[in-house]
Amino acid sequence: MGCFPTLTLGIETSCDDTAAAVLSGRTVLSEAISGQSHASFGGVVPEFAARAHQENILPIIDRVLSLAEASGRGLGRRQLGLIAVTRGPGLMGSLLVGVETARALSLAWRVPAVGVNHIEGHIMAPLLDSDVAPPFLSLVVSGGHTEIIRVDDVGRYSLLGATRDDAAGEAYDKAARIMGLPYPGGPEIDRLARAGDPRAFDFPVPFKNTRAVEFSFSGLKTALLQQVSGMHGDLPLADLCASFQRAVTDALVSKTELAVRQTGITTVCVSGGVAANSALRSAIASAAPRVVLPAPSRCTDNAAMVALAGYERAVRGLELPPLVPDPSLSLCGRAI
Ligand code: KG4
Ligand code: ZN
């Protein structure tokens, strides 16, 4: 028998965002996020990220608990029934801050705590704002992951295909660096691409015609680098961004369509930071009879998705994984 926590506190510190959220059942009562600016370093610096988490985590948790109390639902922090925290995959120093904070709060408040797989959190994100239920296919596209996962139920996942090299978000970030754009590259490329011609440059769409669900983005990055290296003067940024984005989007959409055909599963949920991309959001809509996209703020890392993943496990009576950080935690039997 599962337990039915009234309130769940979610904590997310796997990479550079410190986030917390409070859920009442499956409803988000409050959420807060403190992003770090790594733009000047061109990427996330693990040591810097861990220190910032340490500074931010308690004020953020305090804020979401106060906001939940003030939400007018008559719920105080004494109704807290579960703490859910990301335990991996991610950066060790970052994960440790969240996990140790959850452990301390769990002991002090005598509330059970569960370690959540960050990817399971992304898979759950579309369920926060819609009535979608398994079975569905989950396209997870983030800075560290590009996978299509078959979700038969909470806790029952099979990996249909993944990237062979760079993740889609990583490709965006590397492409941005090649073009001299700030980190993170995805939102910047998305913005610049709006004024560009997606056919201006004929960048390759890797594995487009293979019969397997698989991705590769490193060749695309090299094609962009070669193109840019041969150019003089100001770069045609809008056209480069639009063409690069078209190639990434084509790859993601065509393999999602293939996975739908191969499995016969007609509902697709999309999540992870790249799911905030405007071109992907419009192109993926026709990949399956039902496509569910979370709000852009729930595509990127957030704590509401972590709270929901912990809650769904608790109500089903599933094993509550221990509070042990694991930077290469796997979801489907192998590290993905
Ligand atoms: O899920 P997320 O916040 O963190 C990870 O778990 O990795 O994803 C971050 C990634 C970054 O690579 C960022 O460039 C990308 O998501 N991203 C986007 C957009 N917003 C964020 N990529 C394309 N278009 C966007 N609008
Ligand atoms: Zn993520």
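Whatever order the structure lists ligands and atoms in, that order sets their numbers, starting from 1. Because the structure is predicted, anything quoted here is derived from the model rather than measured.
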Discussion item. I'd like to know if Ala276 contacts ligand 1, where contact means a heavy-atom distance under 4.0 Å to any ligand atom.
Written reply: yes
Below the 3.5 angstrom mark, is there an N/O of [X], backbone or side chain, next to an N/O of ligand 1?
{"X": "His118", "answer": "yes"}
{"X": "Asp17", "answer": "no"}
{"X": "Asn277", "answer": "yes"}

Write out the residue and atom name of the closest protein heavy atom to [atom], then the distance separating them to 0.1 Å.
{"atom": "atom 21 (C) of ligand 1", "result": "Gly273 O, 3.4 Å"}
{"atom": "atom 22 (N) of ligand 1", "result": "Gly186 CA, 3.2 Å"}
{"atom": "atom 7 (O) of ligand 1", "result": "Gly143 N, 2.7 Å"}
{"atom": "atom 12 (O) of ligand 1", "result": "Asp173 OD2, 2.7 Å"}
{"atom": "atom 26 (N) of ligand 1", "result": "Asp190 OD2, 2.9 Å"}
{"atom": "atom 2 (P) of ligand 1", "result": "Asp301 OD1, 3.3 Å"}

Same cluster for [X] and [Y] if Ile/Leu/Val/Met/Phe/Trp/Tyr side chains link at under 4.5 Å?
{"X": "Val292", "Y": "Val270", "value": "no"}
{"X": "Val324", "Y": "Met92", "value": "no"}
{"X": "Ile123", "Y": "Leu128", "value": "yes"}
{"X": "Val45", "Y": "Leu96", "value": "no"}
{"X": "Val205", "Y": "Leu258", "value": "no"}

Worksheet item: Is any side-chain N of the basic residue among Glu55 and Arg51 closer than 4.0 Å to the acidic one's carboxylate O?
Response: no
Discussion item. Check the orientation of Phe201 and Phe203. Use parallel for under 30°, tilted for 30 to 60°, and perpendicular for over 60°.
Written reply: parallel
Looking at [X], which atoms of ligand 1 are within less than 4.0 Å of one of its heavy atoms?
{"X": "Val274", "result": "16 (O), 18 (C), 22 (N)"}
{"X": "Thr300", "result": "3 (O)"}
{"X": "Gly169", "result": "12 (O)"}

Discussion item. Name the residue from Arg150, Glu147, Glu120 that meets the side chain to side chain donor-acceptor pair (under 3.5 Å) definition with Tyr157.
Written reply: Glu120
Worksheet entry | Structural part of His145 in contact with ligand 1, heavy atom criterion under 4.0 angstrom | neither
Worksheet entry | Validation row: Arg290, Ser130 side chains within 4.5 angstrom (heavy atoms) | yes
Worksheet item: Can you check whether His145 reaches Pro89 side chain to side chain, under 4.5 Å on heavy atoms?
Response: yes
Worksheet item: Do Asp153 and Arg316 pass the salt bridge (Lys or Arg N to Asp or Glu O under 4.0 Å) test, and can you show the C-alpha distance, the side-chain angles, and the key distance before you say yes or no?
Response: CA-CA 10 Å; Asp153 200 352; Arg316 282 172 171 77; 3.4 Å; yes
Worksheet, complete the sentence: Atoms of type N, O or S from protein under 2.8 Å of the Zn ion (ligand 2), total 3
Item to complete: For atom CZ of Arg261, decide whether the heavy atoms of other residues, nucleotides or ligands shown that lie under 6.0 angstrom number more than 12.
Response: yes
